[in-house]
Student: 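Before I ask anything, here is the structure I am working with.
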Protein chains: 2
Amino acid sequence: MKRNTWQREAVRAALDTAEGFVSAQGLHATLHATGSPIGLATVYRALADLAAEGAADSLQSPEGESLYRACTNDHHHHLICRNCGLTVEIEADAVEIWAKNVAAEHGFSQAAHVVDVFGLCATCAPVAPSPGRFARGASRP
Amino acid sequence: MKRNTWQREAVRAALDTAEGFVSAQGLHATLHATGSPIGLATVYRALADLAAEGAADSLQSPEGESLYRACTNDHHHHLICRNCGLTVEIEADAVEIWAKNVAAEHGFSQAAHVVDVFGLCATCAPVAPSPGRFARGASRP
DNA sequence: AATGGTTTTGACAATCATTATCAATAAGCG
DNA sequence: CGCTTATTGATAATGATTGTCAAAACCATT
Ligand SMILES: [Zn+2]
Ligand SMILES: [Zn+2]
Ligand SMILES: [Zn+2]
Ligand SMILES: [Zn+2]
């Protein structure tokens, strides 16, 4: 049976207040900064649970770090500024259908997909195009 | 000045012969198995260079490992069996257009995108019920 | 409220991919 | 052939994530 602990609530609350995607380490630091004595491993576990039960959305930064965000419970994707981390939720029914079809056409089942768009937001576009946190890994367009 | 070494050629050749995406560690193991004394760090560096100059395509497995593949120089995406690693190149003009549009609509520039579909291939579907390796990372479909 | 079986926590060690070091090597050039 | 300098590679270091396991917390039940 799944039990309710203040730790899990703390992580859920911290996720809700967080702006954009955050890492487990980042969330743990934030929680500590607000006085919470929660353990790092617990943050990892709570985030994994939240993602597994659909309460959190997760993706991997191009550097390989797992990032989490409170999920609105409906499937969507993200448009992420690689300089400042600004994240916009986007829906794309056409992509959903395409992904489902392309998997089926090749005999694949249990298909999931990774669809994320990285770019420079309107605010960051003018400034120096320094290779920020999200600078590596994406397929070249 | 960039120099030509047999190590870089070995990595390039190994990438060309590799089936589907391979990790740096995997390529290094393969090279060793064929008698090459190339160092692990060198494989990492060569792969990073190849990816940077567009000769290799890279993506991250749901487990966070960086995978590489010889790039055919034209933009495409991949349908990957999460059990055996079978990879199918897929093209999706609709997705390309969508990605470009959604970025523009939100004022994003220099947009790149990550679009990959993971699933179980026809061969692996009957024998792999465990969702283990994909429990984390990708957006839920 | 007290009990007790079970789950969860958390400090710490362990793992594992990747990167940094840095002396030794070798590519390219004249 | 020698020189300059990029490159290599053994190894240490890093850093995120996971495993361990005794102690603490949860919660149904008494
Ligand atoms: Zn921005
Ligand atoms: Zn989707
Ligand atoms: Zn397969
Ligand atoms: Zn594309």
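Throughout, protein chains are lettered first and strands after them, A, B, ... in sequence-line order, and every chain is numbered starting at 1. Predicted model only: the values in this text are computed from it and were never measured.
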Student: Can you tell me the distance, in whole Å, between the CD atom of B:Glu63 and the P atom of C:dA17?
Tutor: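 To the nearest whole Å, that distance equals 11 Å.
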Student: Are B:His78 and B:Phe21 close enough that their ring centers fall under 6.0 Å?
Tutor: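 Yes: the rings meet the under 6.0 Å criterion.
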Student: May I have the step-by-step check of side-chain contact (heavy atoms from CB on, under 4.5 Å) for A:Ile80 and A:Leu59, ending in yes or no?
Tutor: CA-CA 11 Å; A:Ile80 305 161; A:Leu59 61 83; 3.7 Å; yes
Student: Within the structure shown, what part of the strands sits under 4.0 Å from A:Arg8 by heavy-atom distance: base, sugar-phosphate, or nothing?
Tutor: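 Answer is sugar-phosphate: A:Arg8 comes under 4.0 Å of backbone atoms only.
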Student: Please list all pairs passing the side chain to side chain donor-acceptor pair (under 3.5 Å) test where one or both residues lie in residues 97-108 of chain A, with sequence neighbours left out.
Tutor: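 Matches after skipping sequence neighbours: none remain.
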Student: How far does NE2 of B:His76 sit from CD of B:Glu91, to the nearest 0.5 angstrom?
Tutor: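 Atom-to-atom, B:His76:NE2 and B:Glu91:CD are 8.5 Å apart.
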Student: I want to check one thing: is the phosphate of C:dG28, taken as OP1 and OP2, less than 4.0 Å away from some side-chain N or O of B:Asn4?
Tutor: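 Yes.
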Student: Taking the side chain of A:Ser66 as heavy atoms from C-beta outward, which of D:dT17, C:dT9, D:dC27 is closest to it?
Tutor: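 The answer is D:dT17.
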Student: Rounded to whole angstrom units, what separation is found between the CG atom of A:Leu40 and the P atom of C:dT15?
Tutor: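 Going from A:Leu40 (CG) to C:dT15 (P), I get 18 Å.
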Student: Does a side-chain N or O of B:Thr5 approach OP1 or OP2 of D:dT8 to a distance below 4.0 Å, or not?
Tutor: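 It does, given that an N or O in the side chain of B:Thr5 lies less than 4.0 Å from OP1 or OP2 of D:dT8.
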Student: What nucleotide, of C:dT19, C:dA11, C:dT9, holds the atom closest to the side chain of B:Tyr44?
Tutor: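 Ranking C:dT19, C:dA11, C:dT9 by closest atom to the B:Tyr44 side chain puts C:dT19 first.
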Student: Among residues at least two apart in sequence or on other chains, which ones pass side-chain hydrogen bond (donor to acceptor under 3.5 Å, both in side chains) with A:Arg8?
Tutor: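 Testing A:Arg8 for side-chain hydrogen bond (donor to acceptor under 3.5 Å, both in side chains), a comparison that skips the adjacent residues, returns A:Asp49.
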Student: Just how large is the angle between the end axes of the helix from C:dA1-D:dT30 to C:dG30-D:dC1, five pairs per end, to 10 degrees?
Tutor: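 Computed from the C1' atoms at both ends, the axes differ by 30°.
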Student: May I have the list of side-chain donor-acceptor pairs in residues 27-39 of chain B shorter than 3.5 Å, sequence neighbours left out?
Tutor:
| residue | atom | partner | partner atom | Å |
| --- | --- | --- | --- | --- |
| B:His28 | NE2 | B:His32 | NE2 | 3.4 |
| B:His28 | NE2 | B:Ile38 | O | 3.0 |
| B:His28 | NE2 | B:Leu40 | N | 3.4 |
| B:Thr30 | OG1 | B:Gly26 | O | 2.9 |
| B:His32 | NE2 | B:Ile38 | O | 3.1 |
| B:Thr34 | OG1 | B:Leu31 | O | 2.8 |
| B:Ser36 | OG | B:Ile38 | N | 3.4 |

Student: May I have all residue pairs that pass ring-ring contact (aromatic ring centres under 6.0 Å, His included) and include part of residues 33-71 of chain B, sequence neighbours excluded?
Tutor: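 Checked against ring-ring contact (aromatic ring centres under 6.0 Å, His included) - neighbours excluded - no pair reaches residues 33-71 of chain B.
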Student: Quick check against the 3.5 Å criterion: does B:His77 have a side-chain atom that pairs as donor or acceptor with the backbone of B:Val115?
Tutor: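 Judged by distance alone, yes, a pair lies under 3.5 Å.
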Student: Can you tell me how far C1' of C:dC22 sits from CZ of B:Arg45, to the nearest Å?
Tutor: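 Between C1' of C:dC22 and CZ of B:Arg45: 11 Å.
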Student: Ignoring backbone atoms, establish whether A:Gln7 has a side-chain N or O less than 4.0 Å from OP1 or OP2 of C:dG10.
Tutor: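 Yes, such a contact exists.
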Student: Nearest-Å distance, CG (B:Leu50) to P (D:dT7)?
Tutor: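 From B:Leu50 CG to D:dT7 P: 13 Å.
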Student: Which nucleotide in the set C:dA17, D:dC26, D:dG19 lies at the smallest distance from any side-chain heavy atom of B:Gln25?
Tutor: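 Of all the options, the side chain of B:Gln25 is nearest to C:dA17.
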Student: Output a table of nitrogen or oxygen pairs between the protein and nucleotides 4-6 of chain C separated by less than 3.5 Å.
Tutor:
| residue | atom | partner | partner atom | Å |
| --- | --- | --- | --- | --- |
| C:dG5 | N2 | A:Arg3 | NH2 | 3.1 |
| C:dT6 | O2 | A:Arg3 | NH1 | 2.6 |
| C:dT6 | O2 | A:Arg3 | NH2 | 2.5 |

Student: Find the distance B:Arg12:CZ to D:dT7:P and express it as a whole number of Å.
Tutor: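 Value for this atom pair: 13 Å.
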